[in-house]
Amino acid sequence: MALEALAKKLAAERAQVQKKVKVCMGTGCMGGGAEEIFRAFQAEVERQGLEAKVVPVGCQGFCQGGPIVSIEPYQFFLNKVSVFDVPKIVDVALRHGGELPQHFYRNPETGMVCCRKKDMPFYRYQTRIAMKDLGEINPMDIEDYIAVGGYLALAKALTEMHPEEVIEEVKKSGLRGRGGAGFPTGRKWEGARRAPGEKKYVICNGDEGDPGAFMDRSIMEGNPHSVLEGMLICAYAVGSDEGYIYVRAEYPLAVKRLELAIEQARERGLLGERILGTNFNFDLHVKKGAGAFICGESTTLMISIEGKRPAPRVTPPRSVEQGLWGMPTCLNNVETFANIPAIILNGGDWYAQYGTEGSKGTKAFCITGKTRNTGLIEVPMGMTLKEVVFKVGGGVMGEGKFKAVQTGGPSGGCIPEAYIDAPVDFESLTRLGSMMGSGGMVVVDDRTCMVDFARFFLSFTQRESCGKCPPCRIGTYEMLQILDRIVAGKGIEGDIERLEAIGRMVKKTSLCGLGQSAPNPVLSTIKYFRAEYEAHIRQKHCPAGACTSLGNYVIGEDCVLCGLCQQSCPYGAVLEERDRFYIENTLCQKCGTCIAVCPTGCIRVEPGVKEEAV
């Protein structure tokens, strides 16, 4: 096979280059100056006359350590590199193989210095399939992808398998959609193949809009060819000759690298007509979205591609029957397609060995919030929340105590410490009142107010509602008004019950998934943290001390008399006596400025006087 021979040839050529500097060129690291660092390495390697190659790679996942640089063949993993560090790194690490402890990861629990990725707990407990080559290959060079076996799965499908066999292999793998709904991928492909139609489309949903989520973006930026290959295999299986990758315009780097990947694939005969010398034809287009969160919903996305005002439509008919321009359409998200090459190359049974009975394989997450390690991870389905938070995430940072983890993005639910041993899979998270979603995971500690936390996510979904159906448009607005009132200390008896009643109504009657899941953060926090809502309403007190509009401000005895609170208070509410400062609550407007500037954290909020409901 010509492609297999080319892959061996390219792999051999790359193996001859002994010394490499791999510079992370994901969005996060580029925001920290990675482009300048990359050019500096090129110049310094040339200046020192070394035979080494400087390679741009995709997101490494450990985003808090960026900009990140890897040194081969020593497997050094360097964190927080700046352009000023480059000459020293080239001389010490690249030329002499010497270690640079100041750039290595130090385990905050054990103090152990980890000079290689494999030694870091953040990577040790991961299993990477969709993200296997992220951080290893140049995303802007198709030959790098081919050298690690890229497009061999496509060649296998086109030359050794019938379309029905491809679908059967995907069904055997147990892969479920990674965009949030978790619908079995093989069944969706089977439905699209069976649907009658003169033309069929394949669409990749790259409209990742969840706050704090960047799994799909990192894959599109770091290994765009894996997405293309997955789409090509899908198109062959369902009988499509045209497809779209829908990417939000806020991902310019992903768009740029996808367009380059499409151009390179066409030049290699991997897109267009008679692909790999077969009778299979398929071409791709990149469609940029305007940034509306609702465009992540499948029917809305297709309406957007058609050039119409984005808003969901009633289903059925399903998209596999009547999708883009009324034609049968198979839509999956980025991570789903990125899993397909490995499944076809290694077999469905191989993939099904990972995960649980109902949730096979691995799942990518963005773990953020109050964890020591934050970034992009991929773990086997069924790993417990505790293992994800405390092994991969390194536990809670600082002196805070674990309180909850929110999964599923702004439409997900909050899971308290009592259920920290629950496995991460579709069924378990749904039972707990949350969801898998696209893969956002936010960890909070005991200093987080769950009422305000729920309000933050509801404010996002309320703002992003398309407004087409009244339950979502009006219901989320009414819920947000109640939450605003509670957090401001103006909550009244019955507000909790009103939130529950409206939330249940919105979930049952909304047109699309946005409205049907928008109340989840509120309903789950009421379920598990009802006492916090009651304290806000009845005692006018925020137990976490986060809602600055509640209670009375008090300066503790551990005050060091620096006077910063008095200097910063815009209302003159901080008064001074001979040996202390105190806050006059008749003047205090509870703006929180004094708490923000206090260097010792001695200013606290105590419960206020209970107010009668109006």
Side-chain angles (χ1 to χ4, degrees), residues 130 163 166-167 170 175-195 197-209 215-217 219-220 224-249 251 254-255 258-259 261-262 265 271 281-308 310-313 315-340 438 512-513:
V166 172
I167 292 173
V170 175
L175 177 66
R176 295 171 63 173
R178 296 301 192 245
F183 190 82
T185 304
R187 280 175 53 195
K188 179 182 285 190
W189 289 19
E190 188 174 52
R193 178 159 187 82
R194 290 178 177 175
E198 296 178 2
K199 188 177 180 67
K200 297 179 181 180
Y201 293 96
V202 170
I203 298 178
C204 176
N205 185 350
D207 190 69
E208 183 180 49
M215 299 79 59
D216 292 348
R217 187 197 75 197
I219 294 173
M220 289 186 288
H225 287 284
S226 67
V227 182
L228 268 59
E229 186 174 10
M231 293 184 72
L232 280 156
I233 294 169
C234 175
Y236 171 69
V238 305
S240 170
D241 64 357
E242 188 174 5
Y244 287 85
I245 306 178
Y246 190 95
V247 190
R248 58 195 303 107
Y251 285 178
V255 171
L258 281 167
E259 290 176 338
I262 289 172
L271 274 178
N281 307 322
F282 185 72
D283 211 349
L284 268 174
H285 317 280
V286 174
K287 169 69 175 179
K288 289 189 285 186
F293 181 66
I294 191 65
C295 286
E297 194 274 335
S298 59
T299 63
T300 310
L301 183 151
M302 296 178 204
I303 288 170
S304 175
I305 292 177
E306 293 172 0
K308 303 171 186 174
R313 66 165 174 83
T315 55
R318 299 178 303 154
S319 297
V320 293
E321 299 159 347
Q322 292 182 33
L324 187 63
W325 286 297
M327 295 291 111
T329 303
C330 190
L331 180 146
N332 288 114
N333 92 317
V334 170
E335 186 185 344
T336 307
F337 280 126
N339 276 292
I340 295 299
S438 59
C512 79

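As the structure is a prediction and not an experimental result, all values here were calculated from the model.
- Looking at heavy atoms from C-beta onward, Met220 lies in side-chain contact with Val247 at the 4.5 angstrom threshold.
- We find the OG1-CD distance between Thr329 and Glu321 to be 11.0 Å, quoted to the nearest 0.5 Å.
- Taking all atoms of both residues into account, the shortest heavy-atom contact from Trp189 to Cys330 is CD1-SG, 3.3 Å.
- Within the 4.5 Å cutoff, side-chain heavy atoms of Ile305 are placed close to those of Trp325.
- The salt bridge (Lys or Arg N to Asp or Glu O under 4.0 Å) test applied to Asp216 returns no partner, not counting sequence neighbours.
- Annotation for Val334 and Gly206: closest pair CG2-CA, 3.8 Å, computed over non-hydrogen atoms.
- The backbone N or O of Leu331 sits less than 3.5 Å from a side-chain atom of Lys188, completing a donor-acceptor pair.
- At a threshold of 4.5 Å between non-hydrogen side-chain atoms, the residues Ser319 and Ile203 do not count as touching.
- Contact of the Ile340 side chain with the Glu229 side chain is not registered, since no non-hydrogen atoms from C-beta on lie closer than 4.5 Å.
- Under the side chain to side chain contact (heavy atoms under 4.5 Å, CB included) criterion, Arg187 pairs with Phe183, Pro184, not counting sequence neighbours.
- With rounding to the nearest 0.5 Å, the separation of NZ in Lys288 from CZ in Arg248 is 13.5 Å.
- The nearest pair of heavy atoms linking Cys204 to Val227 is SG-CG1, 3.8 Å.
- With rounding to the nearest 0.5 Å, the separation of CG in Leu301 from CG in Asn333 is 11.0 Å.
- Of the possible donor and acceptor atoms, none in the side chain of Glu297 sits under 3.5 Å from a partner among the backbone N and O of Ile294.
- Taking all atoms of both residues into account, the shortest heavy-atom contact from Lys287 to Ser304 is CE-O, 3.8 Å.
- A donor-acceptor pair is defined here as one N or O able to donate and one able to accept, closer than 3.5 Å; no such pair exists between the side chain of Arg194 and the backbone of Ala192.
- In plain terms, the two heavy atoms of Met215 and Glu208 that are nearest each other are N-OE2, 2.9 Å.
- Side chains of Cys295 and Asp207 form a contact here, defined as non-hydrogen atoms less than 4.5 Å apart.
- Between the side chain of Thr315 and the backbone N or O of Arg313 there is no donor-acceptor pair closer than 3.5 Å.
- Here the CD atom belonging to Glu335 is positioned 9.0 Å from the CG atom belonging to Leu175, to the nearest 0.5 angstrom.
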Quick one, Met302 with Tyr201, criterion side-chain contact (heavy atoms from CB on, under 4.5 Å). Give me CA distance, side-chain angles, the key distance, then yes/no.
CA-CA 11 Å; Met302 296 178 204; Tyr201 293 96; over 6 Å; no

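- Side-chain contact between Met231 and Ile245: present, with at least one pair of heavy atoms (C-beta onward) separated by less than 4.5 Å.
- Annotation: ring pair (Phe, Tyr, Trp, His ring centres under 6.0 Å) contacts of Phe337 (sequence neighbours excluded): none.
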Going through the checks in order, is the side-chain contact (heavy atoms from CB on, under 4.5 Å) test met by Cys234 and Val202?
CA-CA 7 Å; Cys234 175; Val202 170; 3.9 Å; yes

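- No side-chain donor-acceptor contact under 3.5 Å links Glu259 to the backbone of Val286.
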Test log, rule side-chain contact (heavy atoms from CB on, under 4.5 Å), inputs Phe282 and Leu271:
CA-CA 6 Å; Phe282 185 72; Leu271 274 178; 3.9 Å; yes

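- Atom CZ of Arg178 is separated from atom CG of Asn332 by 10.5 Å, given to the nearest 0.5 angstrom.
- Interatomic distance, NZ of Lys199 versus CE of Met327, reported as 10.0 Å (0.5 Å rounding).
- With sequence neighbours left out, Lys200 forms a side chain to side chain contact (heavy atoms under 4.5 Å, CB included) with Ser240, Pro328.
- For Thr336 against Gly179, the heavy-atom pair with the smallest separation is OG1-N, 4.4 Å.
- Contacts of Tyr246 classified as ring pair (Phe, Tyr, Trp, His ring centres under 6.0 Å), with partners at least two apart in sequence or in another chain: none.
- Residues satisfying the ring pair (Phe, Tyr, Trp, His ring centres under 6.0 Å) test with Tyr236, not counting sequence neighbours, are Phe280.
- Residues Ser298 and Asn205 fail the side-chain proximity criterion, which asks for heavy atoms closer than 4.5 Å.
- Residues Thr300 and Pro312 have side chains in contact (heavy-atom distance under 4.5 Å, counting atoms from C-beta outward).
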